[in-house]
Every structure is written in C-alpha cells, then in structure tokens.
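Note: hydrogens, waters and symmetry copies are ignored here, and every other heavy atom, side chains too, is used. Quick note on labels: first sequence line is chain A, next is B, and so on, each numbered from 1.
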Number of protein chains: 4
Amino acid sequence: MGTSGRQGPAGAEGRRARRHDPQRRTRILDAALEVLVADGVAGITHRKVAARADVPLGSVTYHFASLADLLAQAFAWYVGQRTAEYEALFTEVATRADLIEILVDLVQAGPSRHRGAVLGFELHLAALRDPALRALTHEWTRASRAVLARLTGPETAARLDALLEGMIMHALLSTEREPREETRAAIAQTLGPAAVGPGA
Amino acid sequence: MGTSGRQGPAGAEGRRARRHDPQRRTRILDAALEVLVADGVAGITHRKVAARADVPLGSVTYHFASLADLLAQAFAWYVGQRTAEYEALFTEVATRADLIEILVDLVQAGPSRHRGAVLGFELHLAALRDPALRALTHEWTRASRAVLARLTGPETAARLDALLEGMIMHALLSTEREPREETRAAIAQTLGPAAVGPGA
Amino acid sequence: MGTSGRQGPAGAEGRRARRHDPQRRTRILDAALEVLVADGVAGITHRKVAARADVPLGSVTYHFASLADLLAQAFAWYVGQRTAEYEALFTEVATRADLIEILVDLVQAGPSRHRGAVLGFELHLAALRDPALRALTHEWTRASRAVLARLTGPETAARLDALLEGMIMHALLSTEREPREETRAAIAQTLGPAAVGPGA
Amino acid sequence: MGTSGRQGPAGAEGRRARRHDPQRRTRILDAALEVLVADGVAGITHRKVAARADVPLGSVTYHFASLADLLAQAFAWYVGQRTAEYEALFTEVATRADLIEILVDLVQAGPSRHRGAVLGFELHLAALRDPALRALTHEWTRASRAVLARLTGPETAARLDALLEGMIMHALLSTEREPREETRAAIAQTLGPAAVGPGA
DNA sequence: TATGAATGAGTCTTCATTCAT
DNA sequence: TATGAATGAAGACTCATTCAT
C-alpha cells in the first residue's frame, strides 16, 4: 500500500531529480502496463503508475492528457509490441507439426504468458465499453488472424483464434494444467488435416 | 451523480419510504449485476448500486459487509441462475443437429446474450485476481462442461467450452456478425463426427 | 475488526436468542467498561459494546437512551465498585508501615492495575469536557481523599492523592518499573513523620 | 457542521483562494492542537481541523498521510514547543524559594495553563494505546525530569514530576482553586530541605 | 519544460439512532 | 418488552486534475 513512491509531503520518501529523461514517456507506458497486470483497469491510478515508473506524479499528467488517454496509449503500445512478437513467432514455421507445437506452447506457457494473457483480456473487456479501444482490438484481431491465415486460410484462422483465446483463459483460471496432449489434440482438430505453410 | 438523487434532506423527490421490504437483498444483487453489465467491476460503486436498486446508500452497506462481498454474492447469484438456465437449454437435445443449433444460437444470440456474456467475462477477469471468486469460476466451468460432457464426452466438452468462450468474446467485440454458417461449421468440426446424446 | 458480533445480515454469525435475561443491563455496563479499557472513549461504539456483551445491537440502545448515557452509567457503575474496593483496602491498616505498603502496591501493581488506571484516566479526561461526568469525578476524589484523610488528615491526603495519581500515570507509561524502594520513599516522604491511624 | 462552510460549489462564502501558502503545514498542526484542546483525541476529525485551519479538507489529507499521522505530528510539534518553554522557565532559578514559586505558578496558573494541561493529558492517554506516541512521552518525561534534576537531583525530580502531574490534573477538574499556600507546602515538602541550584 | 502543491468530488465504510413488529 | 431492519449523517481517505512557478 503506497509504501513507495507516494507523492506529496505526506510521504516524501526520496527520489532523486532526474531532469532530462528521454524515453520517460515509454517508461511511464511500461509502468502503466505493469499496473494493469497487477490491478487491472479497475485499479489503475496516476499515482500507482508514477510510483512504478519512479517519476513524479505531475510527470504522468504532463505526458498524458487524462487517465483514459494513458490507458489507450498503454494498450496501443502493448498491442504494437505484441503484434510484432506474434508475427515473429511464426516466421520459422514450415510444417503443420511446427505450427501445432508453437500454438500448444502459446496456450501452455503458463506463468510466463500470464502477463500477456491478462493484458489481452483486460483490453478486450475495456474495449467492450470504450469505442476508442475497440479500434485497437479490431486491428489486433485482424493482425493475429492474418498471421495465422497465411498458414491456414482465413476460416481456420478465425476458429483457431477463438479456440486459443478460450483455452488461454481457461488455463489462466484453472489450478491444474491441462495435459499437453489434450491441448495438442484440440488444436490439431481445429487445424484440420490440410497441409500448412505460406503456400497453403 | 444521483440519477434518482438520494442523500440530503433537500430534494426528497421520489422513492416512498419502504420500511418493511423483504427481498431487498435480492433486489440489490440484481441491481449490482445491472451495474456490472453497464460499468464493469472497474465501475461498480455502492452509490450506483443503491441508485439502481432504489434503496438508500446505507441499505447496501447494511446488507453487504463490503463492496467485495457484494460483488462476490452478486456473481454467485448470477452463476446460480445461469447454471440452471444452461442445463435447461440442453434437456431437449436429442440429435447432433439439435445440439449444434443450440450452440450456434448461444454464440450468435447477439444483444440478447450481451448481458450474459459481459457478466461472464467480468467474472472471469475478477476471478483472476480474487481467489474467493475463483471457486465460483471453477464450479461454473465444471458444471458447464458436465452438461456438455453428458452429450459429447469430456474431451470434446472441454474443447467446445473453450471454443464457445472465444467465439462469444469475439462476437461481443466485432461490429459485424460472423455468418451463421461459419459458426456452425466451427462447432461441428469441434464436435467431431460422433453421434450425440445421453447415451453417447 | 468486527469479527465477532457484527449485527445485521452482513455478518450474521449466530448468537442464540436469550429472552428474559435479568442483569443484562449490568452485562452491558461491564462490556462498555471493557471496551473503554481497550479503545477508550474515543473508540467506544454501540456495536462494540453489544458484541462484547453478546447481546443484540438493539438491546444496547433499548437499555440506554444514548451513547453518552451509556458512558455516564458505565463510569458511574465503575466508580461505585472502585470506591467500595478502595475503602475495603484500608480497613485493616493499623500502622504507618501498613499504609505505606498498601500504597506502594497500588502504584506498583502493574498490569493488574492497568484496567483500573486506564479507566480512571479516561474518566478524568472525559469529565474535563462533560459536566455531567464531573459530578462523578468530584465525588470520587472526595471519597478517595476521605478514606485517606481518616488515616492522615486532609492536607496530607490531598497531597498523597495527587502524588499517587501522577506516579500511577508514569508507571503506566514507562517501560521499566520504578524500584519499589523509590516508590516507598516518595510515599513516606509525602506521608510525613506523623503517626497514622483512625485516631491520628 | 462546517463552521466556515467549505465543500460544495454552492456556498463559496469566504476564504480566498490561497494557492501558494508556505507554513500551511504548521497552520494545520496548530489547528489540530486547538481541536485537541477543544474536543480531545476522541473528537478530532479531518473536517474540524481543516475548518479551524481555514484550508480545504483535501489539504489536510494531502499534508498528512492519515489522521493518526496528523495526531502524532501535532503532538510532536507541541512537545517540542513545550520542552523549550519548560527549560526557559527554570533558567533564572537561583534559590530554593525561586523554584518553589515557579512550580506553584505552574500548578495554579489555571485557565491559562488549561491548554497545556489538557494537551499533556490527552497525549498521555493516547500514548497508552499507541506505541508510536510513547516515544514522545518518554522523551518528554525524560526532558522534564532532566530540567528539574539539574536543580534537585534525580530522585526528587521524579517525585516532583509525579506530584505536579497529579496536582495539575486535580486543579483542572476541581471547581474551586486549592489555596496557594497548600500547593506551596506540598511542593516544599517533596522538594525536601536541601539547597537548590545547578550546583546542588 | 516539468513538477510540487493544491483541491473538490467522490469512494467505502461506520455508526447513532429510529422504527415496525 | 425486545430486536432486527433500516437510514441519514458523517468519517477517513483517494484521486483525477488544475495551476503557479
């Protein structure tokens, strides 16, 4: 609880001045994402972000017009990173088996994917109510499917995308991990028997 | 603030004194669910719930020890209702085609399912951070799968469950409806070729 | 925090009905004193008292017209007991040495006197602001001094009374106990060289 | 409520905007002490302090992390002032008679000492329950005794300290003033026959 | 350009008290 | 006679945002 980084005299525990700090903007965005992972959209505040970024409170409101703005930019920043990662993930895929293995990893990765999964769901839910964010989710969904679609065709990509989303949510919430074999079978089934590859 | 303007002696418009009011508790729970649909866990407050239930603010805190408590009970109340509905949905299913049609409806129902879908995702996300809610999501997932599993066997039920969840989320977020035929094909594929029914 | 005895549905942990309960009034008074020891005048509430007395909240407001009334009656109840005890304490005193020993015990009794000392100071401080309570402190002071005065004469009694009060407060607040010899010397000095006894 | 009616855009009577306001912190501390004198620890609230300091409510919570924090700092601020005063009081003391006269004044000063005496007892009582405050009372007691001890030696200083405390409390509570001669005799007795002075 | 100070609205929660039964 | 339910007022505290420097 506000141990560190409280602003204002009430708890002025040091933080040396750091004038001239390029990439402060992105440090704040990263901090915002961390807060989102920890506390969700329901729990994000300027103060928490400032504390985590180790910048003064005023710096956050200076760089971002409002909390909603900060949220939108943070999500956009995240989606941008994520999309690149996602694309990179499939560049080496040559065979159907390669693809399956990568998708199984995606679902099973567990704690390491936690951050990504949580942010994804937070964004989805926020977008449900904020049209400004919806543009982002649309573009993200489109991009994800496009990546898959290059390997599987569009219908299968859409199905896969839905299946993966559902499985990841379940994995996130269940205490015991689903057997890897089970995950693989579900993906393989959805993928269908067809060959896979940029030329498919 | 104050859609119906409570609090403060000035402005005593509306709302008759309602001293003896049984089922006030459930009215509050219903109001809480409405607020959750409208504003999410991120936006629920005692005040909004009180206004929507048309009860004084103090009444909400009287019946529920904390906002977290109210949330938990509202979700539990919802899951209880939902589970019953869900089970009822499948009692008449006799053939594979019946099942598919019902599941397609589930995904496509659109605005009418909006409420249910939003509450479901809100609960999932909240459960991610609150272990107390996790018990609820576990039980819910278990029950949903059990219903499906009676018709399809456990593995298929799990896959279907994930697929449906993903498709519903996407349906919720996308502006244009996916063609019904597409949804049906995805479900049919996941269901596999096997027969369906209590004896399957 | 309100673990036990919370009233109202929010935390309705059992407490069997106990119709017809004579001396409920005094049970409530005793509970009020316990709360005063624990949390002070600053922290007493109907609810805490009810919880500690294991009676319904309504019972407290039923038996006592207001919290101030409860407070006043609790203090009066306490002073009554205390005065009797105090008088009893000195009935056996025959010599100057007896008296000194008893007074040293009074100051040094430590934790066992904690309750009494705390209540005494709470009452004194409350009386500072509430004239209704002042009658009580006057009477108490008068009675205490009268008891001592029978053995020492009025001037010495007043001095002793002040000294004891100060020493008890200090004992209450300091971490290490003052040497018994020190306490004895201070009392002996204030008592003066004169003989002691009902006939003094 | 609201002596000076803050909060709420309606009713913006009085109080000029005072953006830059150094020593606001100490104004708040002084206001807190005034509230403590008037209503005690039991009655202090952010609102009362804000009203008395003539600052907005938010300003109090901005400068002090919690009410307990405000209380602690206010008491510390008071003890600091008080200790200095107390020391100054005895710098001129040359003879036993000087010392006695000053101490008698201390006890008898009546209404003018009211503030000091009340704050002292409030602090003592609060310290009984809050270890953080206990550090303050220890230091205060130590300092007071040290000042006396320079003139009387340590044992006598401790006795005097207790006697004074008790007498002041009684003076505070009784309606009629004790004869000055009585007070003087008690102090003289406790002081003993010895000479007094820095060299004593 | 940055930022510490400031503030008003609103949040959850507690509570004395009232009242219908 | 008791008491569970109810409620309005107020409490501590948080926070988005504004502003002077």
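D69(D) places a side-chain N or O within donor-acceptor distance of the main-chain N or O of A65(D), the cut-off being under 3.5 Å. Under a 3.5 Å cut-off, the side chain of R27(D) and the backbone N or O of V55(D) do not form any donor-acceptor pair.
Annotation: side chain to side chain contact (heavy atoms under 4.5 Å, CB included) contacts of D39(B) (sequence neighbours excluded): V35(B), K48(B). Partners of A76(C) under the side chain to side chain contact (heavy atoms under 4.5 Å, CB included) rule, at least two apart in sequence or in another chain, are L136(C).
Taking atom CD of residue Q23(D) and atom P of nucleotide dA6(E), one finds them 11 Å apart after rounding to whole Å. Protein atom CG of L57(A) is 11 Å distant from nucleotide atom C1' of dA6(E), rounded to whole Å. What separates CZ of R47(A) from C1' of dT18(F) is a distance of 12 Å, to the nearest Å. Taking atom CG on D69(D) and atom C1' on dT14(F), their separation rounds to 16 Å, with Å as the unit. Look at NE2 on H46(A): it is 16 Å from C1' on dG4(E), rounded to the nearest Å. In this structure, NE2 of H63(A) is placed 16 Å from C1' of dT17(F), rounded to the nearest angstrom. Y62(D) places its OH atom 19 Å from the C1' atom of dA12(F), with the value rounded to the nearest Å. To the nearest angstrom, P of dC12(E) lies 11 Å from CG of L71(B).
When heavy atoms are screened at a 4.0 angstrom cut-off, T61(C) is found touching base atoms of the nucleic acid. Among the protein residues, I44(C) comes within range of the sugar-phosphate backbone only, with heavy atoms under 4.0 Å from sugar or phosphate atoms but none that close to a base. As judged by a 4.0 angstrom heavy-atom cut-off over every strand, T45(C) is placed among residues touching the sugar-phosphate backbone only.
No N or O donor and acceptor, one from the side chain of R24(D) and one from the base of dA5(E), sit under 3.5 Å apart.
L33(C) and L119(C) make their closest contact through O-CD2, 3.9 Å (heavy atoms, listed as atom of the first residue, atom of the second, distance).
Looking at L125(C) and V41(C), their side chains never come closer than 4.5 Å, going by heavy atoms from C-beta outward.
When each of A68(B) and S59(D) is assigned the nucleotide of DNA chain E bearing its nearest heavy atom, the one mapping closer to the 5' terminus is S59(D).
Distance from the side chain of L67(A) is smallest to dA16(F) among dT3(F), dA16(F), dT18(E).
Looking at D130(C), L123(C), V49(C), I44(C) one by one, the single match for side chain to side chain contact (heavy atoms under 4.5 Å, CB included) with L71(C) turns out to be I44(C).
Helical stems of DNA chain F (runs of at least 3 Watson-Crick or G-U pairs, donor-acceptor distances under 3.5 Å) are listed by first residue: E:2-21 with F:2-21.
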